[in-house]
Enquirer: 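Structure in C-alpha cells, see below.
In what follows, chains are A, B, ... by sequence order, proteins preceding strands, each numbered from 1. A quick note: this is a predicted structure, and the numbers were derived from the prediction, not measured.
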Amino acid sequence: MSTINPLKPSERMKIPRQEPLEQDAAARSVNFLEVSFGFDMDRTVTEAQRCLDCKTPYCVDGCPVGIDIPGFIKLVIDKDYVGAVRKIREANYLPAICGRVCPQETQCEELCVMGKKLTPVAIGKMERFVADYEMREKLFTPPVIRDHREEKVAVVGSGPAGLTCAAELAQKGYKVTVFEALHAVGGVLRYGIPEFRLPKEILDIETERIKALGVEILTNFVVGRTATIDEFFDEWGFSAIFLATGAGTPTFMGIPGESLSGVYSANEFLTRVNLMGAYRFPDYDTPIRIGRQVAVIGGGNTAMDAVRTAKRLGAEEAYLIYRRSRAEMPARQEEIHHAEQEGIKLLLLTNPTRIIADDQNWVAGIECQKMELGEPDESGRRRPVAVKGSEFVLPVQTIVEAIGQKPNPIIQSTTPGLSTSKRGTVVTDDGQKTSRPGIFAGGDLARGGATVILAMRDGKNAAAAIHTYLTDRRSSTTDHA
Amino acid sequence: MYRIIRAQALAPTVTRFEIEAPFIARKRKPGNFVMIRIDDHGERIPLTLADSDPAAGTITIIVQAIGKTTKQLCAKKSGESILDVVGPLGTPTPIEDHGKVVCVGGGVGTAELYPITRALKEAGNTVYSIVGARSRELVILEHEMQAISDTLFITTDDGSYGRKGFVTDQLKELLDTVPGIGAVFAIGPLPMMRAVANLTRPYAVHTLVSLNTVMVDGTGMCGGCRVTVNGTMKFACVDGPEFDGHTVDFDELMMRNRTYVAQERISEELHVCRLTGETREAHR
C-alpha cells in the first residue's frame, strides 16, 4: 500500500524544483558522453514530494500514452522505484528512452498545476531515474503473458512506433516479428538521436526487454524489397501488419551548390556518426569530414543534434541557421539551452540562398540573407520575409541541412491499394487503419515528422486496433464454422 | 551472419563470392545491389548482384579489391562469414526487346553487366557485347559473356588481349556498321560510362548507365548518393542505380565521389598495417 505524502500542500510548494546533474558544458562539447546525468535518488524523492496529487491529474491528459503519473510518483515517495517503473511500463514500454527524449515541458509538465504559479514537477527526470535504477540494479522482470494467440503480426520498422506496437501485441499474446531495414534496431533512436542524448546502451537494453516478451526482430530486411507486404499475407502467414517505417527520406532546400562535397543531409550526417560510429574513425571505417566552420540549417531537434554533433567532432565554430526567430524554433527549450551552453552560435532570422565552392568543389561558404517576420502563415507562425540587400557570406566548410524529412516510398510503391497523401504519408483513420484491411500504420510514416512519444502513441493505438481487428475476425470465422 | 559458400579468384584482385542469403536470392533481379558490412566496425558498401540461385539460397557478388573494405572482403575464404548483407536494393533494369543491343562492360563492371546481358538475351535481343579491361589478366567472365552474346568483343588498353584500345573504339565501329541498334547498356568506371554516353548521344541511341556513388544506407535515407539527372536531384539507391546516360551530370558525380579520398587512404593504410602486425593506434 502506498503511504500518503506526509507534507501539506503548502509545504510541498516550498520545495524548489530539483535541478538535474549535468556534464560541464566545456568538457561535454568535446565528448560524446551523455550530457544529462538526470536525478540521483535524493533529488528524485524530494521532487516526488512536490507533487500535489491533484484530484484531477491534468498531467495525465498531457501524456500521449496516458501514464498514471500520480500513481508512479506515489510509489517514488514510498521509495518503491521498481514498483514505479512497472507502473509506467503498464502504459509505456520504453521508460528509459522517454525519460530522456520526451518533450515533457510541452506535455505532462505543461499541464502540471504546480507550474501555473511555480515550476512544474519534473516528471520526466523522475521517469528516467526509476527506469535507470531498475536497469542499474538489474531488477527487470518481463510482464507475465497470460493469453497466447495463434495469429502472427508483422511490424515493419523498429523505431519507437514499431517497438511499442510489438511490445503491446506481445503482451496480448500475439506472435510478433519486427522487420528492420538497417543492421541495428531502433530506427531514429539509433541513427538519429546522438549518443550524448540517448546512449545506445540504453536502447540496447530496452530492445532486449522487448525480445524478452518473445518478439522476434529481423534486421537487414527491407520490406518492399526483401519481401513485399502481399507476400507477408500470402506466403509468410501474417494476419495483420503494422507499418512504422518513419520519415527517413531527407529533403534539400533546392539552393545552388547542394551537390558540393561537404554538404550533408542531417540524416546522412547523423547516420554516419550515430549508426556507423564515424566519430571514432579510423577505428570505425565510416568517415566523416568536418570543417573548421560548420553551418547547420534548421530549427528543430534534428538540427540541434546535428550542430552539437558538429561541435563535438571538432568544429571551431558551429552555427545554427534558422529563418524564423527563437520563439518559432520547434526544438526543445532544453536542447537550445544546452546547445548555447556548448558554444553553438544561433543565426536567427537568417536564410541561406546559395552555397559557394572552392576550386576543389568543396564547400567554402554559404550566402545568406537576413529575414524579418511578416504576417502569420498557414502554420500560425509569422512568415519570414527577406530583407532586401542584406546578403552576406559566412565562411564554412561543412553544411548540414536539417529542414525536415519525408516518408520513405519503398513500401507505398510496392503495396497496391495503400492510400497515400500528397506529402507521401500513408493515410490512416483515428484507429491507425489504412485503406487496406489488416494493414495499419503510424508514427512519422503517417504523421510526416513528429516526436518519439507521438510515434509511441500510434504504436499503442495500432496494437489495440489490431487486437480488435483480429478478435472480430476470429469470432466471425467461428460464427461461419 | 551471412556465410560465404564459395570464394573464387577470377583475376588478380577480383574475387567471386557465393553467399548464403536466401531471401535476397529469391527476389534478385538484374540491376539490383546489396549493401554489405563485414564486421562491427565496418563500413556499409554497395555491391551489385552478379547472380543468384534461389534453390540453393545463394547470391553471387564479384568484388575488386580497391579500398579498405573490398580488400578485407577479398581476403575472406569459403566458410567465413560477413556480418550484414541487405537487399535486393535499387530499381531493377528495365528489360525489353530492343531488337539489337550493345552491352559494354569495363573492368569489374562486367560482373554487373552479366545478369543484365543475360536477361536482354532471354528477352529476345540480338546481343553485341564489349568487354574491356586494362590488360589481359583483368578480363573477367569472358566465357560467361560469350555464352549469352551473339557477338563478343574484347578490348584491352595495352593490347595484350583482343583489340587494343578502349571499349568506345569498338562501340563506335558497331554504331557505324550495324544498323538498328536499339539500346546500349554500359557499366564500368565513371569516365568510361561518360565516354560511352558522349559517343552514343549524336547517334540518339538510348544509353543506360549504372552509377556508383557515395552511399550509407542504400535505402533512400541518407541522400549521399544524390546525382543530378536531367537537371533534377535523384537518389541513385532508390531511383537508380541505372539512369539515362545522356542526362547524367557525370562531372558533378566524379567530384562528389572524391569526397573521402583522404579518409579512404588512411583507412587503407591502417588496414595494411594491421595485416603486417602494426596497430591502428600507432597511426593516430
Enquirer: By a 4.5 Å heavy-atom criterion (distance strictly below it), what part of B:Met233 contacts chain A: side chain, backbone, both, or neither?
Expert: side chain
Enquirer: Please report the C-alpha distance between A:Asn220 and B:Tyr2 in whole Å, then the side-chain angles of each, then the deciding distance to 0.1 Å, and finally whether the side-chain contact (heavy atoms from CB on, under 4.5 Å) criterion is met.
Expert: CA-CA 11 Å; A:Asn220 292 328; B:Tyr2 298 77; 3.4 Å; yes
Enquirer: Do B:Phe235 and A:Pro250 have side chains that get closer than 4.5 Å, going by heavy atoms?
Expert: yes
Enquirer: Just verifying a value: how many Å separate A:Ser259 OG and B:Leu253 CG, rounded to the nearest 0.5 Å?
Expert: 9.5 Å
Enquirer: Where on A:Leu260 is there a heavy atom nearer than 4.5 Å to chain B: the side chain, the backbone, both, or neither?
Expert: backbone
Enquirer: Are any of the side-chain heavy atoms of B:Val86 and A:Val222 separated by less than 4.5 Å?
Expert: yes
Enquirer: Provide the closest heavy-atom pair for A:Glu268 versus B:Tyr260 in the form atom of the first, atom of the second, distance.
Expert: OE2-OH, 4.1 Å
Enquirer: Per the salt bridge (Lys or Arg N to Asp or Glu O under 4.0 Å) rule, what does the pair list look like for residues 250-263 of chain B, sequence neighbours excluded?
Expert: B:Arg194-B:Asp251
Enquirer: Where on B:Leu89 is there a heavy atom nearer than 4.5 Å to chain A: the side chain, the backbone, both, or neither?
Expert: both
Enquirer: Quick one: what part of B:Val214 sits under 4.5 Å from any heavy atom of chain A, side chain, backbone, both or neither?
Expert: side chain
Enquirer: Less than 6.0 angstrom separating the ring centers of A:Trp236 and B:Phe23, yes or no?
Expert: yes
Enquirer: In terms of heavy-atom pairs under 4.5 Å, which option from A:Phe221, A:Tyr264, A:Phe252 contacts chain B the most?
Expert: A:Phe252
Enquirer: Shortest non-hydrogen contact from A:Phe281 to B:Ile266?
Expert: CE2-CG2, 4.2 Å
Enquirer: Do any of residues 398-411 of chain A come closer than 4.5 Å to chain B, heavy atom to heavy atom, and if so which ones, in number order?
Expert: A:Asn408, A:Ile410
Enquirer: So A:Glu231 and B:Lys27, do their side chains get closer than 4.5 Å, heavy atoms only?
Expert: yes
Enquirer: From B:Asp84 CG over to A:Leu182 CG, what is the distance, rounded to the nearest 0.5 angstrom?
Expert: 9.5 Å
Enquirer: Are any non-hydrogen side-chain atoms of B:Arg226 and A:Val263 less than 4.5 angstrom apart?
Expert: yes
Enquirer: For a quick test of reading the model, state the closest non-hydrogen atom pair linking B:Glu43 to A:Thr286 and the distance between them.
Expert: CG-OG1, 3.4 Å
Enquirer: Any sub-3.5 Å donor-acceptor pair from B:Arg26's side-chain atoms to A:Ala227's backbone N or O?
Expert: no
Enquirer: Is the count of non-hydrogen atoms from other residues, nucleotides or ligands lying under 6.0 Å from A:Glu201 atom CD greater than 12?
Expert: no
Enquirer: Any chance NZ of B:Lys234 has more than 12 other-residue heavy atoms, nucleotides or ligands included, within less than 6.0 Å?
Expert: no
Enquirer: Applying the side-chain contact (heavy atoms from CB on, under 4.5 Å) test to A:Asp285, which of B:Glu264, B:Lys68, B:Gln263 qualifies?
Expert: B:Lys68
Enquirer: Tell me, for B:Val216 versus chain A, whether the close heavy atoms (under 4.5 Å) come from the side chain, the backbone, both or neither.
Expert: side chain
Enquirer: Taking B:Ala21, B:Gly224, B:Pro88 one by one, which has the highest count of heavy-atom pairs under 4.5 Å against chain A?
Expert: B:Pro88
Enquirer: Quick one: sort the B:His41 and A:Tyr284 rings into parallel, tilted or perpendicular, breaks at 30° and 60°.
Expert: parallel
Enquirer: Sort A:Phe269 into side chain, backbone, both or neither according to what part of it lies under 4.5 angstrom from a heavy atom of chain B.
Expert: neither
Enquirer: Report yes or no: does A:Thr249 contribute a side-chain atom to a donor-acceptor pair with the main-chain N or O of B:Met221 at less than 3.5 Å?
Expert: no
Enquirer: Which atom names give the shortest non-hydrogen contact between B:Thr259 and A:Ser261, and what distance separates them?
Expert: OG1-OG, 2.7 Å
Enquirer: Rounded to the nearest 0.5 Å, what separates atom CZ in A:Arg225 from atom CG in B:Asn32?
Expert: 7.5 Å
Enquirer: Is there a side-chain contact (heavy atoms from CB on, under 4.5 Å) between A:His183 and B:Arg44 once you walk through the steps?
Expert: CA-CA 10 Å; A:His183 56 258; B:Arg44 291 168 66 100; 2.9 Å; yes
Enquirer: Other residues, nucleotides and ligands only: do more than 12 of their heavy atoms fall within 6.0 Å of CZ on A:Arg292?
Expert: no
Enquirer: Counting heavy-atom pairs under 4.5 Å with chain B, which one of A:Thr228, A:Asn267, A:Thr219 comes out on top?
Expert: A:Asn267
Enquirer: Would you say A:Lys200 has more than 12 foreign heavy atoms packed within less than 6.0 Å of its NZ?
Expert: yes
